[in-house]
Number of protein chains: 2
Amino acid sequence: MAGMTIGKLAKSTGVGAETIRYYERSGFLPPPDRMPSGYRVYGGDAQKRVRFIKEAQALGFTLNEIKELFSLTDDPDADCASVNARARAKLAEINEKLRKLKLMKKSLERLSDYCPADEHPLTECSIINYLYGKSGLSA
Amino acid sequence: MAGMTIGKLAKSTGVGAETIRYYERSGFLPPPDRMPSGYRVYGGDAQKRVRFIKEAQALGFTLNEIKELFSLTDDPDADCASVNARARAKLAEINEKLRKLKLMKKSLERLSDYCPADEHPLTECSIINYLYGKSGLSA
DNA sequence: CTTGACCTTGTAGTAAGCTTTAAGGTGTAT
DNA sequence: ATACACCTTAAAGCTTACTACAAGGTCAAG
């Protein structure tokens with residue numbers, strides 16, 4: 001597990017080596033040890049941290065929010081409740097996105113179902129007319 | 001309705017004047033007439049076009065897709081079916097986003113419900129442990 | 001010892017949709 | 001005639017999460 005180069009870490013975590021360097025540059029990963037040649041050397045901790053990032057991203061957290069989660073894990077006063085609050089805040093965001101997407105879906109479905117989808121000219125297309133504000137075509 | 005300056009058009013459509021200029025620069029709005037001073041002058045067509053953009057954005061279309069819709073309305077051979085195809089393609093995209101967000105939501109809800117959300121130290125936090133890949137809890 | 005894969009740095013580009021800045025000209029109300 | 005809001009331009013900046021150079025140094029295999 002010890003002594004990975006950046007390429008091995010990248011492969012073992014499913015990201016590109018450039019991404020690892022980007023994470024380091026941006027403060028999402030701590031600067032690793034170096035070989036005499038200057039090559040970065042990573043241990044298991046780095047692997048865990050990258051996996052943490054990937055899992056959190058899959059839950060919808062941005063990199064900056066993930067940095068906050070890391071800060072929490074470094075804070076001896078932080079507790080479960082503070083992490084849970086972030087999870088619930090993210091959940092609220094996701095629910096809001098879901099709400100908006102469902103509205104889009106409904107409108108699009110209604111428009112699409114109503115549209116005959118044949119060779120009607122666009123002046124008679126209910127979708128186009130809707131987009132123009134339902135009051136007729138000008139262009 | 002005739003003879004609006006950019007500020008009036010912006011106000012009447014709910015966007016900023018800079019946004020109007022940006023739309024023009026990027027080819028989403030045609031270049032308007034000018035007053036002798038160089039001020040842009042807009043009529044009702046511009047208003048309709050901006051509203052079209054806003055409505056289409058609310059349905060999830062990107063500006064480039066909206067430009068395509070405008071091209072269709074300028075194409076005498078375009079018919080209802082070609083517009084409907086775009087609406088259905090957008091619908092498919094939205095459904096895919098909905099699917100992913102619902103997965104996130106489910107995972108987050110499970111993690112958050114399982115977390116005691118009290119003063120437990122983070123080493124015992126099920127959310128953090130899940131993110132580190134240590135937990136028996138599956139998302 | 002040579003080949004080729006891998007590593008280093010810094011810089012810049014990508015997507016999308018604006019927003020801001022700087023430096024200056026115009027229209028109108030008092 | 002003097003404020004003051006509004007207009008003009010080109011260009012850069014913002015956000016997020018990378019991705020792609022360019023120019024060079026290093027390591028392992030054969």
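Predicted model, so just to flag it, every value in this text is computed and none were measured. Below, read A as the first sequence line, B as the second, and so on, with proteins coming before strands; counting in each chain starts at 1.
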Q: By nearest heavy atom, map Gly7(B) and Gln57(A) onto DNA chain D; which one lands nearer the 5' end?
A: Gly7(B)

Q: So, for Lys105(B) and Ile94(A), which heavy atoms are closest and what is the spacing to 0.1 Å?
A: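 Between these two residues, the closest heavy atoms are CB-CG2, 4.0 Å.
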
Q: Quick one: side chains of residues 108-115 of chain A, donor-acceptor pairs under 3.5 Å with protein atoms, not counting sequence neighbours, listed by atom name and distance.
A:
| residue | atom | partner | partner atom | Å |
| --- | --- | --- | --- | --- |
| Ser112(A) | OG | Asn84(B) | OD1 | 2.9 |
| Ser112(A) | OG | Arg88(B) | NE | 3.1 |
| Ser112(A) | OG | Arg88(B) | NH2 | 3.1 |
| Asp113(A) | OD1 | Arg88(B) | NH2 | 3.0 |

Q: When we call it a touch if two heavy atoms are under 4.0 Å apart, what does Thr5(A) touch: a base, just sugar-phosphate, or nothing?
A: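 Sugar-phosphate, no base atom in range.
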
Q: On DNA chain C, does the nearest nucleotide to Tyr23(B) precede the nearest nucleotide to Lys8(A) from the 5' side, or the other way round? Give the residue.
A: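 Between the two, 5'-proximity favours Lys8(A).
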
Q: Can you name the closest pair of heavy atoms from Leu122(B) and Cys80(A) and give their distance?
A: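 In this case the closest contact between Leu122(B) and Cys80(A) is CD2-N, 3.6 Å.
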
Q: Can you see whether Tyr42(B) has Lys8(B) sitting over its ring - NZ or CZ less than 6.0 Å from the centre and within 45° of the normal?
A: no

Q: Heavy-atom contacts under 4.0 Å between residues 58-72 of chain B and DNA chain D, which residues?
A: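 When residues 58-72 of chain B is checked for heavy atoms under 4.0 Å from DNA chain D, there are no hits whatsoever.
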
Q: Any side-chain heavy atom of Leu69(A) within less than 4.5 Å of one from Thr73(A)?
A: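 Result no, sub-4.5 Å side-chain heavy-atom pair not found.
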
Q: To the nearest 0.5 Å, what is the distance between CZ on Arg51(A) and CD on Gln47(A)?
A: 4.5 Å

Q: Separation of Tyr42(B) atom OH from dC7(D) atom C1', in whole Å?
A: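 After rounding, the gap between these two atoms is 11 Å.
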
Q: In Å, rounded to the nearest 0.5 Å, how long is the span from CD1 of Ile66(A) to CZ of Arg86(A)?
A: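 Between Ile66(A) CD1 and Arg86(A) CZ, I get 13.0 Å after rounding to 0.5 Å.
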
Q: Please answer whether the main-chain N or O of Lys67(A) pairs with a side-chain N or O of Asn64(A) as donor and acceptor at a distance below 3.5 Å.
A: no

Q: Students often get this wrong, so: under 4.0 angstrom with heavy atoms, is Arg40(B) touching a base, only sugar-phosphate, or nothing?
A: sugar-phosphate

Q: Once rounded to the nearest 0.5 Å, what's the spacing between atom CD1 of Ile53(A) and atom OG1 of Thr13(A)?
A: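 These two atoms lie 9.0 Å from each other.
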
Q: Between Lys90(A) (side chain) and Gly60(A) (backbone), is there a donor-acceptor pair under 3.5 Å?
A: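 Answer holds: yes.
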
Q: Can you give one letter per nucleotide of nucleotides 24-30 of chain C, 5' to 3': B if a protein heavy atom sits under 4.0 Å from the base, S if only from the sugar-phosphate, - if neither?
A: -BBS---

Q: What pairs of nitrogen or oxygen atoms, one from the protein and one from nucleotides 19-24 of chain D, lie under 3.5 Å apart?
A:
| residue | atom | partner | partner atom | Å |
| --- | --- | --- | --- | --- |
| dT19(D) | O4 | Arg25(A) | NH2 | 3.4 |

Q: In whole angstrom, what separates Ile20(B)'s CD1 from dC6(D)'s C1'?
A: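 After rounding, the gap between these two atoms is 15 Å.
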
Q: Atom CZ of Arg34(A) to atom P of dG25(D): distance rounded to whole Å?
A: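 Going from Arg34(A) (CZ) to dG25(D) (P), I get 17 Å.
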
Q: Regarding Glu18(B) and Arg21(B), does a basic nitrogen lie under 4.0 Å from an acidic carboxylate oxygen?
A: yes

Q: Rounded to whole angstroms, how far apart are CZ on Arg21(A) and C1' on dC7(C)?
A: 7 Å

Q: For DNA chain D, whose closest nucleotide is more 5', that of Glu24(B) or that of Lys11(B)?
A: Lys11(B)

Q: Counting only heavy atoms and a strict 4.0 angstrom limit, can you tell me which residues of residues 93-104 of chain A come near DNA chain C?
A: none

Q: May I ask you to decide whether Glu96(B) forms a salt bridge with Lys100(B), counting only side-chain N to carboxylate O separations under 4.0 Å?
A: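 Yes, Glu96(B) and Lys100(B) are salt-bridged.
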
Q: Donor-acceptor pairs under 3.5 Å, side chain of residues 25-36 of chain A to any protein atom, not counting sequence neighbours: which ones?
A:
| residue | atom | partner | partner atom | Å |
| --- | --- | --- | --- | --- |
| Ser26(A) | OG | Tyr22(A) | O | 2.8 |
| Arg34(A) | NH1 | Gly38(A) | O | 2.8 |

Q: At what distance, to the nearest 0.5 angstrom, does OG1 of Thr123(A) lie from OH of Tyr132(A)?
A: 11.5 Å

